[in-house]
Amino acid sequence: MLYTSTRDKTLRVTSSEAITRGISADGGLFVPCDIPKLSLQDLQDMIPMSYIQRAKKILSLYLTDFTPEEIDACVSGAYREGKFDSPKVAPLHRLTDNVDILELFRGPTCAFKDMALQLLPYLLTTASKKAAPDKQIVILVATSGDTGKAALEGFKDVPNTRILVFYPENGVSPMQKLQMCTQEGDNVAVCAIQGNFDDAQSGVKRIFTDERVGQKLAENGLMFSSANSINWGRLVPQIVYYCSAYTDLLESGTVKAGEPMNVVVPTGNFGNILAAYYAREMGVPIDRLICASNENNVLTDFLTSGTYDRNRTFYTTASPSMDILISSNLERLLFHLSGEDDTLVRTWMSALSKDGTYTVTADVLDKIRTIFSAAAADDDKTAGTIRKTYETYNYLSDTHTGVAIAVCQAYRAETGDCKPTVVASTASPYKFARSVLTALNGKAPEADDFDLSAILSEQTGTKIPAPLASLRDKTVRFTGSSAIADMEQRVYDMLGI
């Protein structure tokens, strides 16, 4: 299996090279030259498998330059007993007769990013020994909240790596900020930026692709890689849980082999739903991919109109991990749906960078519409959905999952399409206790997040996740803040070069 760039389809690299580099030198994202296939029999054969066994099966199709022993070591390390608080790692919770919640928040940072970021350090250290054995890897991360903590936790004290995380100063929840700023480890650093997530992401990509910066790192025996979903090593583990979810529906009898399911994903950067697209292309019977957005509904507008336009008001919402107007992973989808037309992709990405907008061709829009549906839910709708979901089904969701459930319900009511549906749940409600309590009660008491979590636990009879409860006693280590223009210098400062 070889990989190419969305902006230069003549390029060919191994999976080790793609994972080690993170992003192509031309600014494009690495994608597989061919998408491997799963038969219905393959999916049925996965029914008795553990999550670790399923992950090894799927990853071996994409990481063909890894030995079976290397894949086994990576996967077994990432998902070993005790890492996740469910033996199924990514369990389904039955909400209604044909709607299941795919709980992706059972890991050590209580967010879906753990599904990939517990595995990525193993993949990256294995890959870098093949592709860059003489370099220390510097992981540069922009986060809208959950990726930062999950990456910090995953790479904490991993030999021959350093990790630097930038987050929007006023764009994450208090619990998310505390998770990052108390992070332990000798190889970690965290810095706020005076801007939003798009500013952080654009700044990181700019630093990544600056040859002058790369040369300075090389002179010091360093090279950049990424833990954001622009890195294929971040995205490929996410394909696994959609394959696994369908297998679990087979096991429960919700679907028979070959019967389709729909998938609803709350997303801002498009990586989580793109992983479901790859699973679909592999042969997992997925009919509609339903993209759920909050008030920053740039993806909803694009998937329905074909015009991407980030020139709009940016909203700070109760679902901050989706407060994004530049969805990086969309570039991968455009490459595939355009027939791998890298010239078109370069033109669209250039227009996005220069003018903030582009419009895809009619045939690409037609392909999008055959696969994707999209809708948005604002904070009021989301809050009402959280409350009603708890009152009706005794199920407590976070704000991002609330967006997805609201969009799922609206889609089914509007279309009459009530196929078995999997809704991706991306975070514990305790990461957003104030917003969840407000949704349940109309308002939340004036108290810190720890006291609010205790109130939420008492009111709902649910348990505060241990990783969040333990934050109260941790020391804040990182308090720095940077202007957007100074991000490059902050990288040098944090690396000591």
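Computation of the quantities below employed the complete heavy-atom set of this structure, encompassing side-chain atoms and omitting hydrogens, waters and symmetry-equivalent molecules.
With hydrogens and angles ignored, the 3.5 Å screen pairs a side-chain donor or acceptor of Asp341 with a backbone N or O of Leu344. For the pair Asp42 (side chain) and Ser39 (backbone), a donor-acceptor distance under 3.5 Å is present. The closest donor-acceptor contact from the side chain of Gln183 to the backbone of Met180 lies at 3.5 Å or more, if one exists at all.
The side-chain hydrogen bond (donor to acceptor under 3.5 Å, both in side chains) pairs that include a residue from residues 387-413 are Asn98-Arg412, Glu103-Tyr395, Asp398-His400, Asp398-Thr401, Thr401-Ser425, Tyr411-Asp417, Arg412-Thr421, where partners are two or more places apart or lie in different chains.
Rounding to the nearest 0.5 angstrom, the gap separating the CD atom in Gln238 from the CD1 atom in Ile273 is 12.0 Å. Note that CD1 of Ile324 is 4.0 Å distant from OG of Ser144, once rounded to the nearest 0.5 Å.
For Trp232 and Tyr62, the gap between ring centers is short of 6.0 Å. Ring pair Phe30/Tyr3: centre-to-centre distance not below 6.0 Å.
Between Ile19 and the options Asn231, Val13, Thr14, a side-chain contact (heavy atoms from CB on, under 4.5 Å) holds for only Asn231.
Ionic pairing of Arg94 and Asp100 is present here: one or more N-O contacts between side-chain nitrogen and carboxylate oxygen are shorter than 4.0 angstrom.
Residues satisfying the salt bridge (charged side-chain N to carboxylate O under 4.0 Å, His left out) criterion with Glu70, sequence neighbours excluded, are Lys130.
Counting heavy atoms from C-beta outward, Arg54 and Tyr79 have side chains that stay 4.5 Å or more apart.
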